[in-house]
**Student:** 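Below: one structure in structure tokens.
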Amino acid sequence: MESIGEQNGWIRKVWPDLKPPSLSDNTADVDRLIKGLKKALHTENVDVDFSLAGKVSASLRRWDYHVGASVYEAHDSWHLIDISGPPDQQAIHGVALDLGSSTLVLRLIDLETGERIDETSFHNPQIDIGADILTRIHFATREGGLSRLQEMTIERLNQEVEILSRKHGIGLESVVGMSVAGNTTMTHLFLGLDPYWICREPYIPVVNRPGLIPSCELGLNINRGAPVLVSPNVGSYFGGDLIAGILASGMNRQSDISFLVDVGTNAEVVVGNREWLMACAGAAGPALEGGIADMGMMAGPGVIDRVTIDPVTREFRIGTIQDPGDAKAPQGQRPVGICGSGLIDLAAQLFLAGMIDLRGKFVEAACGDRLEEMDGTRHLVVVPARDSGTGSPLTLSQTDIDGLIRSKAAMYTILTTIANTVNISFSEIGQFYVAGTFGSYIDPRSAITIGMIPDLPLETYVSLGNTSLEGAALALLGTEAREALFQIRDRITYLELNVNQEFMNLFSAAKFIPHTDRSLFPSVSAGD
């Protein structure tokens, strides 16, 4: 991949050497600028949109033909974004966006140095319409629904970009590029494209390769000529966020076979190397994000992300995000819920302590007075009310565990199915990358213990964080990285799990802790 610190990106600022016109040189202003840009960029192909013609002429004369030009490259031609005078020595900037269904993450970048200036995250405003994708798709079919969904996102993005820019003394006109990575539906809603057929047979998006779009066409308040790069998707269920994730992981450039797993609304999996890539997606995400448990929450301050249980005394030690202490932490950091990684930790520890059996059922004798009956369902008190940040006990119900068992079984089955499809064993995997917020907190040992991921050496597992954002940033900064997005997209073979009979057979076998075939998990020993 290219060095982002060099002036080799597809968005640049150049200073053409222009001479003022004279009676002996009556070249038109736009033609004069194009000639200077061709020389500065070492190219024969430069385009200036007609909408900029008037500004070019006025700016050249205002600054006596000593101007800077922000340009971008596309389709073997360079295009003028904007023109500025000598007083504007400010660097050019760009924003990378992880367009999540629940959370949006923005990164402000210096396009000349590649420096990460700042980053911010916030809830997707479309949650007010519906927390799930299908609700938003149905809302888009109403009169004005699609435009409303797009406006909600664009308005909030404009607010957040302006906040970041003001914070660092950057004018919005200097933000001359944007890169967006999101799933197929989120991308459609961002672009104002009807997602109706994405969730209906035969599951066809409007577009798979949106390419570059002028920011003014989307209502963005950055430089109106700024190109917006939208990461391509592979059909309805494998989006640009995963394409960007593959780019960020580097697995597409490696000789070793790697896995990449990203858990969000769905669990999305890629396997392959620089020669081939296969991908699939399945519904394993909500429970693994903490979305099914009654006390489940997205990762955040005060949310439980680590649990240990003494196998002899069965004493619980609770760790919360931004606080490595236990349940007696200060009031502001007392546990308020549990995220996916904490839920996996808890289930693994309960199993190892003999408090749940291989079916995930509570063992009454081992749970003791922590086990209570509530509304006809057994609940295990994880954090009593006196230690809870909510004032109420945090409990894990039998229903919660059953949901986790189904989700972990789905995850392991997805991995097994795709590995079998390409005829490889898990032992052949060089690296197993885990992306997203889920990947940032997960303990691979706990995930192995409950049979969610293969029993591989722990060093095989690599947490990558937000690969969607990282891939979007890489593609914004480098020509090679931008082109790699589309090359990755064209190389992926997508495996459809909905019609895969092997998947259903394997799923039934995986609904035990860690699995009905204990030989698959030799490192796991239980206290049951």
**Student:** Has Lys55 got more than 12 heavy atoms of other residues, nucleotides or ligands less than 6.0 Å from its NZ?
**Tutor:**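 Yes.
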**Student:** Any side-chain to backbone donor/acceptor pair from Ser249 onto Ile246? Under 3.5 Å, distance only.
**Tutor:**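 Checking the backbone N and O of Ile246 against the side chain of Ser249, a donor-acceptor pair under 3.5 Å is found.
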**Student:** For the pair Arg224 (side chain) and Cys216 (backbone), establish whether a donor and an acceptor sit closer than 3.5 Å, ignoring hydrogens and angles.
**Tutor:**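 Between the backbone of Cys216 and the side chain of Arg224 there is no qualifying donor-acceptor contact (under 3.5 Å).
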**Student:** Could you tell me if the side chain of Glu160 sits less than 4.5 Å from the side chain of Phe122, heavy atoms only?
**Tutor:**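 Yes, side chains in contact.
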**Student:** What closest approach, in Å, do Gly130 and Thr135 show between heavy atoms, and which atom pair accounts for it?
**Tutor:**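 Heavy atoms of Gly130 and Thr135 come nearest at CA-CG2, 3.8 Å.
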**Student:** Classify the side-chain pair Ser258/Gln254 by whether it contains a donor and acceptor separated by less than 3.5 Å.
**Tutor:**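 On atom types as modelled, these side chains qualify, holding a pair under 3.5 Å.
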**Student:** For Asn183 and Asn233: C-alpha separation, side-chain torsions, deciding distance, then whether side chain to side chain contact (heavy atoms under 4.5 Å, CB included) applies.
**Tutor:** CA-CA 7 Å; Asn183 68 42; Asn233 46 265; over 6 Å; no
**Student:** For residues Asn223 and Asp82, is any side-chain donor paired with an opposing acceptor at under 3.5 Å?
**Tutor:**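 Looking only at side-chain atoms, Asp82 and Asn223 do form a donor-acceptor pair, the distance falling under 3.5 Å.
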**Student:** Thr460 side chain to Pro457 main-chain N or O, any donor-acceptor pair under 3.5 Å?
**Tutor:**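 Yes, Thr460 side chain to Pro457 backbone: donor-acceptor pair under 3.5 Å.
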**Student:** Check the side chains of Asn420 and Thr417 for a donor-acceptor pair under 3.5 angstrom, ignoring hydrogens and angles.
**Tutor:**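 Looking only at side-chain atoms, Asn420 and Thr417 do not form any donor-acceptor pair under 3.5 Å.
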**Student:** Is it true that Ser446 and Asp345 share a donor-acceptor pair across their side chains at a distance under 3.5 Å?
**Tutor:**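 On atom types as modelled, these side chains qualify, holding a pair under 3.5 Å.
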**Student:** His168 and Asp118: side-chain donor and acceptor closer than 3.5 Å?
**Tutor:**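 Side chains of His168 and Asp118: pair found under 3.5 Å.
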**Student:** Would you say Glu428's side chain and Ser425's backbone share a donor-acceptor pair under 3.5 angstrom?
**Tutor:**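 Side chain of Glu428 to backbone of Ser425, a donor-acceptor pair under 3.5 Å: yes, one is there.
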**Student:** Ignoring hydrogens, what is the shortest heavy-atom contact between Thr184 and Ile198? Give both atom names and the distance.
**Tutor:**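 That closest heavy-atom pairing would be CG2-CD1, 3.9 Å.
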**Student:** Main chain of His138, side chain of Thr141: is a donor-acceptor contact present, judged purely on distance under 3.5 Å?
**Tutor:**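 Flag set: sc Thr141 to bb His138 pair under 3.5 Å.
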**Student:** Has Glu470 got a side-chain atom pairing as donor or acceptor with Ala248's backbone, closer than 3.5 angstrom?
**Tutor:**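 No; zero donor-acceptor contacts below 3.5 Å.
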**Student:** Does Ala181 offer a backbone N or O that forms a donor-acceptor pair with the side chain of Ser231 under 3.5 Å?
**Tutor:**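 Looks like no, no N/O pair under 3.5 Å.
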**Student:** Arg491 and Asn273: which non-hydrogen atoms are nearest, and at how many Å?
**Tutor:**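 Heavy atoms of Arg491 and Asn273 come nearest at NH2-O, 2.9 Å.
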**Student:** Cation-pi check, Arg200 to Tyr196: give yes when NZ or CZ is under 6.0 Å from the six-membered ring centre and within 45° of the ring axis, no otherwise.
**Tutor:**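 Here Arg200 passes the 6.0 Å and 45° test against Tyr196.
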**Student:** Looking at Arg156 and Gln126, would you say the former's side chain and the latter's main chain have a donor-acceptor pair under 3.5 Å?
**Tutor:**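 Flag not set: sc Arg156 to bb Gln126 has no pair under 3.5 Å.
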**Student:** Look only at the side chain of Arg107 and the backbone of Glu119, and say whether a donor-acceptor pair between them is shorter than 3.5 Å.
**Tutor:**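 Answer holds: no.
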**Student:** What's the shortest heavy-atom distance between Ala419 and Phe426, and which atoms?
**Tutor:**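 Looks like CB-CE2, 4.0 Å.
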**Student:** Mark yes or no for whether Trp78, through its side chain, and Asp47, through its backbone, hold a donor-acceptor pair below 3.5 Å.
**Tutor:**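 No; zero donor-acceptor contacts below 3.5 Å.
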**Student:** Begin from the C-alpha positions of Met178 and Leu157 and carry the test side chain to side chain contact (heavy atoms under 4.5 Å, CB included) through to its verdict.
**Tutor:** CA-CA 12 Å; Met178 184 175 189; Leu157 281 174; 4.3 Å; yes
**Student:** Consider side chain to side chain contact (heavy atoms under 4.5 Å, CB included). Of Ile11, Leu111, Thr113, which one does Leu477 pass it with?
**Tutor:**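 Per the side chain to side chain contact (heavy atoms under 4.5 Å, CB included) rule, the option paired with Leu477 is Leu111, out of Ile11, Leu111, Thr113.
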**Student:** Scan side-chain atoms only and decide if Ser468 and Asp98 contain a donor-acceptor pair under the 3.5 Å cut-off.
**Tutor:**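 There is such a pair (donor and acceptor under 3.5 Å, judged by atom type) between the side chains of Ser468 and Asp98.
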**Student:** Is there a side chain to side chain contact (heavy atoms under 4.5 Å, CB included) between Val434 and Ile442? Walk through the geometry before answering.
**Tutor:** CA-CA 9 Å; Val434 189; Ile442 188 175; 4.2 Å; yes
**Student:** What's the shortest heavy-atom distance between Leu458 and Pro444, and which atoms?
**Tutor:**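 Where Leu458 meets Pro444 most closely, the heavy atoms are CD2-CB, 4.1 Å.
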**Student:** Just checking Asp128: does its CG atom have more than 12 heavy atoms from other residues, nucleotides or ligands closer to it than 6.0 angstrom?
**Tutor:**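 Buried by this count: over 12 neighbours within 6.0 Å.
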**Student:** Quick one: closest heavy-atom pair of Ile243 and Leu485, and the distance?
**Tutor:**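 Heavy atoms of Ile243 and Leu485 come nearest at CG2-O, 3.3 Å.
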**Student:** If you apply the rule salt bridge (Lys or Arg N to Asp or Glu O under 4.0 Å), what do you find for Arg209 with Asp490, and how did you get there?
**Tutor:** CA-CA 10 Å; Arg209 300 167 64 100; Asp490 291 342; 3.0 Å; yes
**Student:** Within the supplied structure, the quantity of interest is the number of heavy atoms (other residues, nucleotides, ligands) at a distance under 6.0 Å from Arg445 CZ; does it exceed 12?
**Tutor:**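 For Arg445, atom CZ is crowded (more than 12 foreign heavy atoms under 6.0 Å).
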**Student:** What is the ring orientation for Phe259 with Phe432, classed by angle as parallel under 30°, tilted 30 to 60°, or perpendicular over 60°?
**Tutor:**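 The arrangement is parallel - the two ring planes meet at less than 30°.
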**Student:** If you round to the nearest 0.5 Å, how far is CG of Leu108 from NZ of Lys167?
**Tutor:**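 With rounding to 0.5 Å, NZ (Lys167) is 10.0 Å from CG (Leu108).
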